[in-house]
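Remarks on the structure that follows.
Just so it is clear, the model here is predicted, and its values are computed rather than measured.
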Protein chains: 2
Amino acid sequence: MSAASAKRRSPCPVACGLDLFGDRWTLLVVRDLMFGAERFKDFAAAPEGIPTNLLADRLARLQSAGVVEPTAAADGSRHPAYRLTAKGKALYPVLAALRDWGLEWEKGTRTRG
Amino acid sequence: MSAASAKRRSPCPVACGLDLFGDRWTLLVVRDLMFGAERFKDFAAAPEGIPTNLLADRLARLQSAGVVEPTAAADGSRHPAYRLTAKGKALYPVLAALRDWGLEWEKGTRTRG
DNA sequence: TTTCATACTTTCAAAACGCAAGTAATTTAG
DNA sequence: CTAAATTACTTGCGTTTTGAAAGTATGAAA
């Protein structure tokens with residue numbers, strides 16, 4: 001049995017996704033990556049204010065899940081930078097669906113721009 | 001300020017959605033409702049094995065969020081039963097996107113049937 | 001009516017969270 | 001070049017949430 005399936009609660013793709021994204025912060029990191037964030041400070045600067053220990057943990061978990069990979073920073077600095085893999089970019093429909101639901105059903109939510 | 005916006009981390013619809021669904025169990029309850037589950041035992045029987053205290057908590061939270069509402073059981077019993085509201089049914093695209101992502105990127109996941 | 005099933009609630013240890021402070025490496029200012 | 005500031009974390013610790021188990025009360029069945 002694989003390492004991933006060993007800790008899997010069921011073969012349900014939804015349950016499996018929640019094993020990775022089932023918390024209040026992980027998908028916000030993915031959201032920020034989709035908007036172009038790439039460095040630690042970028043994620044930390046998001047309005048939700050993720051604690052730095054959780055941010056470090058989430059980036060590590062997303063990396064080991066193959067959703068995020070290290071990259072060179074766009075500005076050439078030697079600070080660590082991160083970007084979505086194909087697996088990570090494939091989460092766009094999930095984010096979009098959640099965004100659309102929130103915009104329609106939760107009063108006062110809005111996109112930036 | 002409304003009760004909902006008071007505890008909101010940001011006006012982002014994604015963050016707002018995660019305030020409600022950002023845990024490992026809530027969306028599984030919604031999934032089961034979409035598949036026709038309506039009674040406590042139905043949710044408890046799901047393969048993931050949600051602890052009963054968490055199930056009670058999640059059903060209560062989904063109700064107060066207007067995603068789930070009480071209804072009469074289809075078999076006429078007087079046990080409590082639950083169903084999705086319009087707001088809850090509107091989560092279908094979110095579940096579908098998560099399911100599709102899992103099916104494509106997480107080996108060994110599968111739908112039932 | 002007594003037995004079983006259902007729908008929870010309670011208890012409690014373990015894990016996760018979140019805030020604050022500390023540290024090491026990188027960048028910038030002078 | 002050097003000192004100060006920024007960045008990317010890690011560590012500590014009190015609080016909250018989780019999850020496993022057992023307990024209880026009501027509905028259903030025999």
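- Dashed line: the shortest gap from a side-chain N or O of Arg24(B) to OP1 or OP2 of dA16(C) is not under 4.0 Å.
- In this structure, the separation between OG1 on Thr111(A) and CZ on Phe35(A) is 7.5 Å, given to the nearest 0.5 Å.
- Note: CG (Asp57(A)) to C1' (dC19(C)) measures 16 Å, nearest angstrom.
- For the residue pair Arg39(B) and Ser77(B), a side-chain donor N or O sits within less than 3.5 Å of a side-chain acceptor on the partner.
- Out of dA8(D), dA20(D), dC19(C), the shortest distance to the side chain of His79(A) is found at dA8(D).
- Distance Leu18(A) CG to dT18(D) P: 13 Å, rounded to the nearest Å.
- Between the side chain of Thr52(B) and the base of dT9(C), at least one donor-acceptor pair of N or O atoms lies under 3.5 Å.
- Distance, Arg58(A) CZ to dC9(D) P: 15 Å, rounded to whole Å.
- Here the CE atom belonging to Met34(A) is positioned 11.0 Å from the CG atom belonging to Asp32(A), to the nearest 0.5 angstrom.
- One finds a side-chain N or O of Arg78(B) lying less than 4.0 angstrom from the OP1 or OP2 phosphate oxygen of dA28(D).
- Computed from coordinates, the Glu48(A) CD to dG18(C) C1' distance equals 15 Å when rounded to whole Å.
- At least one side-chain heavy atom of Leu18(B) sits under 4.5 Å from a side-chain heavy atom of Leu98(A).
- Counted by atom type alone, Thr85(B) and Glu69(B) present zero donor-acceptor pairs between their side chains at under 3.5 Å.
- Rounded to an integer number of Å, the gap from Asp19(B) CG to dT17(D) P is 13 Å.
- For dG18(C), one of the phosphate oxygens OP1 or OP2 lies less than 4.0 angstrom from a side-chain nitrogen or oxygen of Trp25(A).
- One can place CG of Leu54(B) at 6 Å from P of dT18(D), the figure rounded to the nearest angstrom.
- The residue among Asp23(A) and Ser77(B) whose nearest nucleotide of DNA chain C lies closer to the 5′ end is Ser77(B).
- Using a 4.0 Å cut-off, no side-chain N or O of Arg39(A) falls inside it from OP1 or OP2 of dT27(C).
- In this structure, Arg61(B) places its CZ atom 10 Å from C1' of dT17(D), rounding to the nearest Å.
- Toward the 5' end of DNA chain C, the nearer of the two residues Gly76(A) and Pro51(A), judged by each one's closest nucleotide, is Pro51(A).
- Looking at heavy-atom distances under 4.0 Å, Tyr82(A) makes contact with sugar-phosphate atoms alone, never a base.
- Rounding to whole angstrom units, CG of residue Leu59(A) and P of dA8(D) are separated by 10 Å.
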